[in-house]
Number of protein chains: 2
Amino acid sequence: MSSVTKTLALLAYFSPSRPEIGLSQLCRLAKRDKATTYRHLQALEDAGFIEQNATTKLYRLGPALLQLAQVRELTVPQKVGAEAALAALSDATGETAHVTVLSGSTVYPLASHESQLHGTRAIMDVQTFPLHATASGLCALAFGPDTLFDIAVSKMESYTANTVTTPVELRKIVARIADTGFGYANRSYEDEIQGVSAPIFDQSGQYAGAVSVACVATRFTPELEQIIKQKLVAASRDITRSWGGVLPSSIEASWTRSLSHPHTLENAS
Amino acid sequence: MSSVTKTLALLAYFSPSRPEIGLSQLCRLAKRDKATTYRHLQALEDAGFIEQNATTKLYRLGPALLQLAQVRELTVPQKVGAEAALAALSDATGETAHVTVLSGSTVYPLASHESQLHGTRAIMDVQTFPLHATASGLCALAFGPDTLFDIAVSKMESYTANTVTTPVELRKIVARIADTGFGYANRSYEDEIQGVSAPIFDQSGQYAGAVSVACVATRFTPELEQIIKQKLVAASRDITRSWGGVLPSSIEASWTRSLSHPHTLENAS
DNA sequence: TTTATCGGTTCGTATTTTGAACCGTTGTTT
DNA sequence: AAACAACGGTTCAAAATACGAACCGATAAA
């Protein structure tokens with residue numbers, strides 16, 4: 001592991017719920033040596049990726065990130081291109097909706113929207129979505145590059161009693177998702193949360209990300225599932241078009257098939 | 001220079017006008033070895049800071065930046081807290097207005113607004129503002145930590161015929177800014193652009209950043225200067241309050257003084 | 001066929017990174 | 001007030017890693 005990777009990994013410890021971190025605390029969190037961590041923080045500070053509160057000595061994320069993010073979104077306007085569809089999806093289903101993107105072999109959150117609050121909410125505390133345990137991640141496995149499967153297998157951490165734990169089971173679930181056109185995760189990442197996803201594709205027909213609905217499991221009836229799936233299809237078409245992408249006809253066919261022959265996700269898992 | 005610093009410096013080559021860069025081109029831009037640069041890019045890609053266009057092999061900024069920027073803005077809501085005042089300033093003066101923040105010893109752009117287009121514009125292509133040649137940078141020298149001066153002196157690159165080139169001159173300009181309460185830069189960074197700034201302070205009374213108006217030099221009359229200064233004071237008060245800061249009374253006194261005894265910036269330089 | 005450029009890889013050298021121990025300060029406990 | 005603990009930050013010899021010249025295969029122009 002390069003020193004660059006180790007240094008950048010420190011940034012992931014900052015979150016809305018833990019926005020400021022001291023040197024010693026960060027060492028404990030990252031299980032790193034203090035001298036090393038200090039030097040890493042210096043490098044990040046030099047680059048403007050973090051800054052230090054002069055009075056408390058705590059570190060927090062820095063202003064250079066805003067600038068780079070602005071360039072990214074100006075170059076690849078995914079977020080702004082997904083927000084309208086996301087709001088519509090969330091409002092129509094009454095549940096939280098979010099969009100994720102696949103970059104390399106990692107699934108990142110892009111935007112989320114909660115119907116209750118009726119406002120675009122900050123990105124969740126989740127930094128990256130595990131491939132094997134979330135609806136978005138499973139979508140990536142089913143519709144993204146085949147090389148992802150081995151990577152997912154090598155990181156099969158268990159989050160709940162329902163997290164899939166064997167490569168064989170995972171293969172079965174992925175096959176089912178590739179067949180139906182919808183990713184699903186039944187309490188496999190967070191207890192009592194059930195997720196359903198639809199894939200999004202880019203201009204070259206490659207898998208780009210997923211749009212998902214995360215639903216409190218007790219509210220998840222077959223009727224709601226049917227509504228969610230219909231709205232997910234609309235959202236996926238909308239976002240894919242907005243990103244300049246094209247939906248493979250096989251996906252459209254899968255959706256038509258699974259929407260006309262509904263069967264709940266309860267059977268699976 | 002650590003490998004981390006070298007790696008992060010690569011990100012600065014991405015901009016709205018050059019959003020995608022190939023390996024060889026980046027090596028030329030950064031004057032680095034190909035193998036080294038490739039490894040650095042790998043590390044950045046692993047962290048999601050860049051991603052590679054699968055078909056063209058060009059690299060571009062990655063989605064992890066959006067997420068970190070979101071956490072930063074959620075933690076330190078500077079951008080959202082400055083936008084209203086910025087729009088008002090730009091509309092009232094008819095010129096481009098922007099806000100910068102000081103982090104460590106670097107001045108970063110935060111947001112900008114152009115009156116002509118009547119919309120919040122993307123951050124300028126400028127990555128960081130030189131301390132000695134911009135109104136924002138000079139504000140930081142005049143009102144920020146004293147240690148900045150030596151750093152500025154060690155980086156006195158010349159951008160135009162008007163760029164200040166000697167520490168003695170710089171010291172004089174900084175003293176004048178500290179006295180008047182307004183930063184100014186008369187065609188010292190970009191030809192034909194004249195900048196005026198007012199400082200912004202944080203909750204502990206420390207210098208936090210500056211709000212500025214960038215004006216085409218030919219349009220810069222004493223009358224416009226007076227209007228700009230008045231509106232800058234209002235914007236600085238507004239943004240400082242929005243950031244939870246307090247303006248030192250000495251600054252308010254300077255403003256009162258220099259607004260009641262107007263003298264154009266032409267005399268200086 | 002030759003030549004140039006591209007993205008990416010190899011491997012021995014040597015520079016950089018590393019972490020145990022240490023320092024001075026601050027705030028709490030005895 | 002003495003002892004203690006935790007904090008941010010620093011030192012230096014030992015060791016891991018970063019480095020870059022040379023190389024590879026592919027692609028595209030001459």
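Only this structure's heavy atoms are used, side chains among them; waters, hydrogens and symmetry mates stay out.
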Reckon B:Y59 has a side-chain N or O less than 4.0 Å from the OP1 or OP2 of C:dG8?
yes
What class does the angle between the rings of A:F201 and A:F143 fall in, given that below 30° is parallel, 30 to 60° is tilted and above 60° is perpendicular?
perpendicular
Taking 4.0 Å as the cut-off, does a side-chain nitrogen or oxygen of B:Y38 come that near to OP1 or OP2 on C:dG7?
no
Hey, is the main chain of B:R237 close enough, under 3.5 Å, to the side chain of B:T240 for a donor-acceptor pair?
no
Output a table of nitrogen or oxygen pairs between the protein and nucleotides 26-29 of chain C separated by less than 3.5 Å.
none

Whole Å only: how far is the CG atom of B:L26 from the P atom of C:dG7?
10 Å
Any side-chain heavy-atom pair of B:V4 and A:S3 under 4.5 Å
yes
Return the value, rounded to whole Å, for the distance between atom CD of B:E45 and atom C1' of C:dG7.
13 Å
So, A:T134 and A:S136: side-chain donor and acceptor under 3.5 Å apart, yes or no?
no
Contact string for nucleotides 13-30 of chain D, one letter per nucleotide 5' to 3', B = base within protein heavy-atom range under 4.0 Å, S = sugar-phosphate only, - = neither, reads -----SBBB---------
Once you round it to whole Å, what is the distance between C1' of C:dC6 and CD of B:Q52?
12 Å
For A:A210 and A:S197, the nearest pair of non-hydrogen atoms, with its separation, is CB-CB, 4.3 Å
Aromatic rings B:Y159 and B:Y189: how do their planes relate, parallel, tilted or perpendicular, breaks at 30° and 60°?
perpendicular
For C:dT17, take OP1 and OP2 only and decide whether either is under 4.0 Å from a side-chain N or O of A:Q42.
no
Do any side-chain nitrogens or oxygens of B:R28 fall under 4.0 Å of OP1 or OP2 in C:dT5?
no
Which of B:T75, B:V76, B:L74, B:L68 passes side chain to side chain contact (heavy atoms under 4.5 Å, CB included) with B:R72? It is B:V76
Close side-chain approach of B:Y108 to A:L66, heavy-atom, < 4.5 Å
no
Please state how far atom CD in A:E20 lies from atom C1' in D:dG8, giving the value in whole angstrom units.
15 Å
What's the CG-P distance between A:L41 and D:dG9, to the nearest Å?
9 Å
Got a sec, which residues hit side-chain contact (heavy atoms from CB on, under 4.5 Å) with B:T36, two or more places apart in sequence or on another chain?
B:D33, B:R39, B:H40
Can you check the B:N53 CG to C:dC6 C1' distance for me, whole Å?
15 Å
